[in-house]
Structure formats: structure tokens, C-alpha cells
**Q** 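Quick one: the structure is below, questions incoming.
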Amino acid sequence: MKPFFQSISGRFFLILFGLLLLPLLIPLGATFFFQFDSVRQDVAQQLAERTGTVERLMVEQELSFASASRYVEQSVIETTEVSADRLQTMVSLSETETETLRRKGEVAVAGTFSERPLHIRQVGERYLVATPNPDQDLVSSIRNSSLFGIGLTIAVAFFLTWFAVRLVTRRIKRISEAAVEVTQGNYDIQIPDQGSDEVANLIQNFNQMTVALQRNEYLAKDLAAAISHELKTPIASIHGFSRLLAQPGLSEDKQQHYIRIIGQESDRLSRLTSNLVRLSRLDHQSIIQRKAYRFDEQVRHALLLLESQWTDKHLILDLELAEVTVVWEEELMQQVLLNLLQNAVYFSPANGILSIRLTQATDVTLTITDQGKGISAAELPFVFDRFYQGETSRTTDGHGLGLSIVKRIVELHGGAVTLDSTTGQGTSAQIQIPQKGPA
């Protein structure tokens with residue numbers, strides 16, 4: 001465990017404690033310093049006056065010390081008469097103070113923060129010593145109240161700092177503990193918090209992250225299961241028919257049939273891996289290489305590439321293409337067009353009508369409508385999921401990746417793709433993208 005003052009709690013404590021303590025101590029210390037010095041000077045003057053008054057009574061009125069003391073107030077300042085021997089045991093004077101007393105006959109002892117001040121005056125062979133009464137000592141009172149004020153200030157600053165540090169770091173510790181849970185694979189963890197500050201925003205983002213990680217974990221498991229299933233089928237076919245080819249005595253027709261099947265399964269496997277690589281690349285792509293080109297011409301070109309497919313079905317093309325110039329990535333949009341048009345052609349009935357509309361308003365909108373069997377309402381929400389294949393496509397050699405690729409490419413261009421379908425009447429696919437792509 002790291003030392004306290006190397007942790008964020010310790011550093012935050014030091015900074016906040018200093019910020020709270022200094023503004024309180026500086027004025028308190030300054031007031032105490034100037035006030036204490038002024039009061040000490042006043043007390044020293046009063047002590048000197050008291051010894052002077054007692055001396056005058058003793059000398060001028062020829063009174064004893066006891067008699068002279070009765071004429072002066074003793075409640076605030078105490079005055080005692082001591083011998084030279086008693087003075088030495090009573091007060092420890094420095095060499096300078098001793099020399100001043102010998103030369104001038106009196107000396108003022110300033111005292112310290114914890115010791116009372118004194119004024120010593122020599123009267124004959126004896127000495128008068130004046131000092132503040134302990135019960136009425138203003139210097140001691142100021143000292144004690146100042147010490148209490150400083151102590152209380154430190155205690156309050158310490159408590160407030162400790163409370164603030166605990167309030168902040170307690171939530172940070174919760175995030176740290178939750179992060180450890182996440183590293184151990186627990187994505188269900190959520191941190192409750194009702195705040196509205198920066199730490200609350202951090203907790204909210206953390207909770208959103210765990211939800212996303214949990215969703216990604218489920219997707220990863222589903223994806224791994226789907227990939228293993230899709231790979232297993234063509235691999236098993238290739239393995240099985242290759243073993244059949246190795247059997248002796250096969251007729252040439254059977255050999256050609258098995259070779260054809262192996263070729264088809266190899267092509268299917270190749271398309272699957274290509275689509276997976278393409279989709280993975282798109283998932284990690286955030287920048288597209290845009291250029292200006294005619295999108296209506298690209299639609300016509302895609303139809304020409306698929307001419308053999310729609311002519312074999314004797315489809316009637318109903319085209320309404322506005323002249324539209326876009327600033328997109330042409331190669332990626334070609335994949336979108338081929339995917340959507342191939343789906344529309346495949347599911348269109350023979351002699352059906354394939355309708356294609358291209359318009360431009362705020363966004364560029366392309367709508368491709370077929371007259372196929374359509375997609376049920378139960379299946380429609382899942383058509384863009386990876387490896388999802390509806391009941392009407394179970395017999396095809398697809399892998400359920402085409403629409404996922406379309407959706408990702410359209411999103412890269414800042415647009416959206418939707419499907420509207422009615423069972424028995426057909427399906428309409430629509431892409432809507434800003435003319436110049438994402439801002």
C-alpha cells in the first residue's frame with residue numbers, strides 16, 4: 001500500500017488543508033502578534049510605574065514596604081520586596097540584564113511567551129519586583145485565547161478537509177473497486193450515484209461503459225458461435241466429399257459432381273472470410289476517402305453489373321433517378337448498391353417489377369423496392385444483425401453479413417438505412433445520406 005501522502009487522498013488533503021488553514025491562521029497570527037506586542041509594552045510600563053510608586057512611598061514617606069503596599073492596588077500587579085539572594089533564586093537574569101540593574105538600579109525583564117514579564121527596581125540593599133497578577137494577567141489571557149483560537153482553527157480545518165476528502169475519494173474508491181470487478185469479467189456491476197458533479201459524470205460514463213462491455217460480450221459470444229457454425233458447414237462438406245473422391249471405382253460423373261460441390265463450398269468459405277475481413281475493417285474505420293461523383297450514374301453501373309441476374313428473371317426495371325452529385329467514398333458505396341440490388345433481384349418473383357427511386361432534398365435518398373415475399377414483422381428488427389438470416393433466406397448461400405456491411409458503410413457516411421416490408425407484398429430498402437457525408 002502506497003504512503004498516504006503519495007496517494008490522491010493525501011495530496012488532496014494537504015492542498016485543501018493548507019487552503020483552509022492559511023486564510024484563517026494568517027489574520028489570527030497577525031492580530032495576535034501586533035496585539036500581544038502592544039499589550040506587553042503597556043504591561044511593562046505599568047510594572048515600571050508600580051515599582052516607582054512603591055519606591056517613592058518608601059523613600060519620600062519613609063514607609064516600610066508593607067506599609068507602602070497598602071497604598072497601592074495589588075489586584076492587577078503584584079509587588080514584592082526581596083533580598084539580593086532571594087532575587088537570584090527567584091529570577092534568572094542574563095549578563096546584560098544584571099549589568100543594567102547594577103548600573104541603572106532597575107531593569108525590565110520582557111519575559112517569554114510562557115513566562116510573565118518582570119520589573120526589578122533596587123531600593124537600598126533590597127529589590128522591588130513587580131509582576132502581573134496571574135488571575136488578572138492580560139498577556140496570559142491573550143496568549144491562552146490565541147492558542148485556543150489557533151487550536152480550534154486547526155481542528156475545524158482538519159475536520160472540514162477530512163470530510164471533503166472522504167466525500168470525494170469515497171466515490172473514486174468505489175469506481176476503482178468496480179474497475180477491478182470489470183477486469184475480472186464482471187460486466188453487470190453498476191455504481192449508484194445521485195450527484196451532479198464531475199465525479200457523478202464519471203460514474204455515469206463508467207456505468208454506460210459496463211453496459212456496452214456487457215453487450216459486446218454477448219455479441220462476441222454470438223459472433224463466435226455464428227462464425228464457428230458458418231465455418232463448420234463448408235469445411236465439413238469439403239472434408240466429406242474429398243474423402244468420397246478418394247474412394248476407388250467412382251464414376252466420372254460422381255467425381256465431377258463431388259468436385260463441383262467442393263468448389264462451391266470453397267467459394268462460400270472464401271466469401272465468408274472476405275466479408276468478415278471487410279466487416280472487421282469497416283468496424284475499425286472512421287475516416288472515408290471522399291470525392292465528388294455522380295451517384296445516379298453509379299446506380300446505373302451497378303444495374304449493368306447485375307444485368308444477367310435481373311434479365312434471367314425477366315424483371316421490369318422502374319427507374320426514376322435524379323441527377324445527383326455526391327461527395328462520398330465511391331468504392332464503399334458500390335458495395336452498398338450491389339448488396340441491396342442483389343437482395344432485391346434475388347427475392348423478386350419472375351416477371352416482377354423492381355423499382356428504384358433516387359431523389360435529393362436535404363439529404364440524398366435512394367429507395368429500392370421489390371415485389372418479393374417480404375419479411376415478417378418478427379424478423380424485421382434483426383435483419384441488420386450479423387449472421388442473421390430470415391426464414392426466406394435459409395436456402396441461400398449467404399451468411400447474413402451483407403446488410404451489416406451496408407449499415408456500417410452508410411453510417412460511416414453519416415446516414416441511415418431502413419427496411420420497410422409487408423409479408424406477401426415485397427420489401428423496400430431505403431438509404432438516406434447527407435450529400436457531402438458527415439460534417
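For the numbers below, each heavy atom of this structure counts, side chains included, while hydrogens, waters and symmetry mates do not. Position 1 is the first residue of the sequence; numbering continues from there.
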**Q** Which residues pass the ring-ring contact (aromatic ring centres under 6.0 Å, His included) test with Phe206, not counting sequence neighbours?
**A**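 Listed in chain order: nothing, the list is empty.
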**Q** Mind checking whether Leu305 and Leu341 have side chains closer than 4.5 Å, heavy atoms only?
**A**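 A side-chain contact is absent here, since even the closest heavy-atom pair is not under 4.5 Å.
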**Q** Check whether the side chains of Thr367 and Gln430 place a donor and an acceptor atom closer than 3.5 Å, and report yes or no.
**A**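 Yes, because at least one side-chain N or O of Thr367 sits under 3.5 Å from a partner of the opposite role on Gln430.
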**Q** Report the distance from atom NZ of Lys373 to atom OG1 of Thr423, rounding to the nearest 0.5 Å.
**A**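 Interatomic distance, Lys373 NZ to Thr423 OG1, rounded to 0.5 Å: 11.5 Å.
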**Q** I need the Leu338 CG to Asn343 CG distance, nearest 0.5 Å.
**A**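 Interatomic distance, Leu338 CG to Asn343 CG, rounded to 0.5 Å: 11.0 Å.
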**Q** Quick one about Thr210 and Gln190 (side-chain donor to acceptor, distance below 3.5 Å, no hydrogens or angles considered), yes or no?
**A**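 Yes - a donor-acceptor pair under 3.5 Å links their side chains.
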**Q** With side chains defined as the heavy atoms from C-beta onward, is the minimum distance between Val326 and Tyr293 less than 4.5 Å?
**A**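 Yes, at least one pair of side-chain atoms sits under 4.5 Å.
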**Q** Show me the pairs that pass side chain to side chain donor-acceptor pair (under 3.5 Å) and involve residues 176-185, at least two apart or across chains.
**A**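 Matches after skipping sequence neighbours: Glu181-Asn186.
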**Q** In Å and rounded to the nearest 0.5 Å, what is the CG to CZ distance from Asp370 to Phe347?
**A**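 Reported to 0.5 Å precision, the distance equals 8.5 Å.
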**Q** Check whether any side-chain heavy atom of Leu403 lies under 4.5 Å from a side-chain heavy atom of Leu340, and answer yes or no.
**A**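 Side chain of Leu403 against side chain of Leu340, heavy atoms only: contact under 4.5 Å found.
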**Q** Hey, are the side chains of Ile356 and Leu366 touching, using non-hydrogen atoms and a 4.5 Å cut-off?
**A**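 Yes, side chains in contact.
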**Q** Which pairs with one or both residues in residues 239-256 pass side chain to side chain donor-acceptor pair (under 3.5 Å), sequence neighbours excluded?
**A**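 Matches after skipping sequence neighbours: none remain.
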**Q** Once side chain to side chain donor-acceptor pair (under 3.5 Å) is applied, what residue pairs with a partner in residues 309-320 remain, sequence neighbours excluded?
**A**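 Passing the test, one end in residues 309-320: Asp318-Arg357, Glu320-Arg357.
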**Q** When rounded to the nearest 0.5 angstrom, what distance separates CD in Gln334 from CD in Gln298?
**A**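 Reported to 0.5 Å precision, the distance equals 5.0 Å.
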**Q** Rounded to the nearest 0.5 Å, how far apart are CD1 of Ile235 and OG of Ser266?
**A**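 It comes to 10.0 Å.
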**Q** Can you name the residues that form a side chain to side chain donor-acceptor pair (under 3.5 Å) with Gln88, not counting sequence neighbours?
**A**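 With neighbours one apart ignored, the set is empty.
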**Q** Tell me if the CD atom of Glu307 is crowded by more than 12 foreign heavy atoms within 6.0 Å.
**A**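 Enclosed: over 12 neighbouring heavy atoms sit under 6.0 Å from CD of Glu307.
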**Q** Out of curiosity, Leu332 CG to Leu337 CG, how far, rounded to the nearest 0.5 Å?
**A**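 Rounded to the nearest 0.5 Å, the CG-CG separation comes out at 11.5 Å.
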**Q** Picking from Ile409, Leu412, Val364, what satisfies side chain to side chain contact (heavy atoms under 4.5 Å, CB included) with Trp328?
**A**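 Option passing the side chain to side chain contact (heavy atoms under 4.5 Å, CB included) with Trp328: Val364.
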**Q** May I ask you to test the Val107-Leu118 pair for a side-chain heavy-atom distance under 4.5 Å?
**A**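 Counting from C-beta outward, Val107 and Leu118 never come under 4.5 Å.
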**Q** Is the shortest heavy-atom distance from the side chain of Ile431 to the side chain of Met333 under 4.5 Å?
**A**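 Touching, per the 4.5 Å side-chain cut-off.
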**Q** Do Glu95 and Glu99 come close enough that some side-chain heavy atom pair is under 4.5 Å?
**A**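 Counting from C-beta outward, Glu95 and Glu99 never come under 4.5 Å.
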**Q** Among residues at least two apart in sequence or on other chains, which ones pass side-chain contact (heavy atoms from CB on, under 4.5 Å) with Glu323?
**A**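 Per chain and number, Glu323 pairs via side-chain contact (heavy atoms from CB on, under 4.5 Å) with Arg294, Asp296.
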